[in-house]
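These notes are about the structure you will find just below.
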Number of protein chains: 2
Amino acid sequence: MSAPDNLLKDFQLRSTPGRQEVLQIFLKNSYALSHGDIEREMPLDFDRVTLYRTLKTFLDNALCNNNCSTAGHHHNHVHFKCTICGQTSCLEVEIPGIKLPKGYKPVESNLLIQGTCQHCA
Amino acid sequence: MSAPDNLLKDFQLRSTPGRQEVLQIFLKNSYALSHGDIEREMPLDFDRVTLYRTLKTFLDNALCNNNCSTAGHHHNHVHFKCTICGQTSCLEVEIPGIKLPKGYKPVESNLLIQGTCQHCA
DNA sequence: CTGTGTGCAAACACTTTGCAGGTGT
DNA sequence: ACACCTGCAAAGTGTTTGCACACAG
């Protein structure tokens with residue numbers, strides 16, 4: 001049984017060709033994909049609307065990628081977007097704790113650093 | 001002469017009713033405004049297209065708000081979005097320097113923290 | 001078999017472009 | 001007077017909704 005299949009099972013979602021395909025694409029790309037990126041990597045005849053619904057289903061079920069499981073997400077790392085090649089990747093660096101003004105309660109942080117990456121330097 | 005008028009002069013932009021109106025809205029709101037927010041605060045008969053062009057003009061000329069001048073921008077602070085009231089505000093806290101992996105050169109950082117704000121706690 | 005997922009069509013929302021005419025300087 | 005700005009119409013792009021049929025479980 002394939003990895004996508006298992007993931008779908010884990011989240012109690014029905015295994016369909018479209019969902020498997022989308023998961024394959026997630027798994028084989030290390031950097032962040034935009035909706036357009038995914039659409040471009042899907043078979044040409046794949047229905048746009050179904051893709052919207054598939055992604056929404058994944059979102060609703062918190063099925064992000066192989067680093068996230070039912071146990072929780074691991075998104076507290078820094079994202080880096082290269083302004084040359086355009087790729088957004090996840091760095092193995094945690095977002096540092098920030099001391100906020102009185103009364104502010106943080107729940108989620110998102111740090112995006114833009115610049116030039118390793119490869120484009 | 002009004003504040004918006006002066007700002008427009010400073011940036012060598014023509015002073016028109018629409019531009020003054022948009023600047024008034026920026027100046028009187030301390031939190032971040034979405035395109036929709038601005039549209040909602042504009043006179044009902046104001047043309048959407050003109051608003052798009054006005055905002056683009058301001059962007060192109062780096063005319064963000066009263067904290068930014070021709071001398072440069074001051075955007076290196078943390079943004080906080082309250083998940084209850086929906087408002088995004090600027091905190092007087094700098095984004096800490098991050099040690100990046102070899103080869104990565106940062107140019108700009110953006111840290112958005114979500115949670116509950118002072119007022120909604 | 002039953003409920004969910006898919007595909008198609010159409011509606012909807014958002015943004016950009018072209019052009020004629022108006023306005024600030 | 002001239003260049004720039006505005007308003008309208010229309011095209012382009014991205015996203016959502018409704019419904020009949022197909023398919024996984």
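To find a chain, count down the sequence lines: A is the first, B the second, and so on, and within it residues start at 1. Just the heavy atoms: all of them, side chains too, but no hydrogens, waters or symmetry mates, feed the values below.
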Spacing of Gln118(B) atom CD and Leu91(B) atom CG [to the nearest 0.5 Å]: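 Answer rounded to 0.5 Å: 9.0 Å.
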Using atom [atom1] of [X] as one end and atom [atom2] of [N] as the other, report the distance to the nearest whole Å.
X: Leu23(B); N: dC5(D); atom1: CG; atom2: C1'; answer: 15 Å
X: Leu55(B); N: dT6(D); atom1: CG; atom2: P; answer: 11 Å
X: Leu13(A); N: dA24(D); atom1: CG; atom2: C1'; answer: 12 Å
X: Glu21(B); N: dC5(D); atom1: CD; atom2: P; answer: 18 Å
X: Leu59(A); N: dT16(D); atom1: CG; atom2: P; answer: 11 Å
X: Lys9(A); N: dA24(D); atom1: NZ; atom2: P; answer: 12 Å
X: Lys56(A); N: dT4(C); atom1: NZ; atom2: P; answer: 15 Å
X: Arg14(B); N: dC4(D); atom1: CZ; atom2: C1'; answer: 4 Å

Would you sort out whether Lys81(A) and Ile113(A) count as a side-chain contact (heavy atoms from CB on, under 4.5 Å), showing the intermediate values? CA-CA 6 Å; Lys81(A) 174 163 184 173; Ile113(A) 301 178; over 6 Å; no
OP1 or OP2 of dT6(C) under 4.0 Å from side-chain N/O of Thr16(A): yes
Name the orientation class of the two ring planes belonging to Phe26(A) and Phe58(A) (parallel below 30°, tilted from 30 to 60°, perpendicular beyond 60°).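 The rings of Phe26(A) and Phe58(A) sit tilted, inter-plane angle from 30° to 60°.
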Counting distance only, does the side-chain N/O of Arg19(A) pair as donor-acceptor with the main-chain N or O of Leu8(A) below 3.5 Å? no
Is it the case that Ser2(B) and Gln20(B) place a side-chain donor and acceptor less than 3.5 Å from each other?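 Result is no, nothing qualifies.
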Please classify the nucleic acid contact of Thr57(B) as base, sugar-phosphate, or nothing, using heavy-atom distances under 4.0 Å. nothing
Using the rule side-chain contact (heavy atoms from CB on, under 4.5 Å), only one of Leu7(A), Thr54(A), Asn61(A) pairs with Leu13(A); which is it?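 The side-chain contact (heavy atoms from CB on, under 4.5 Å) with Leu13(A) is passed solely by Asn61(A) among Leu7(A), Thr54(A), Asn61(A).
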In numerical order, the residues of residues 35-53 of chain B whose heavy atoms come under 4.0 Å of DNA chain D are Asp47(B), Val49(B), Thr50(B), Arg53(B)
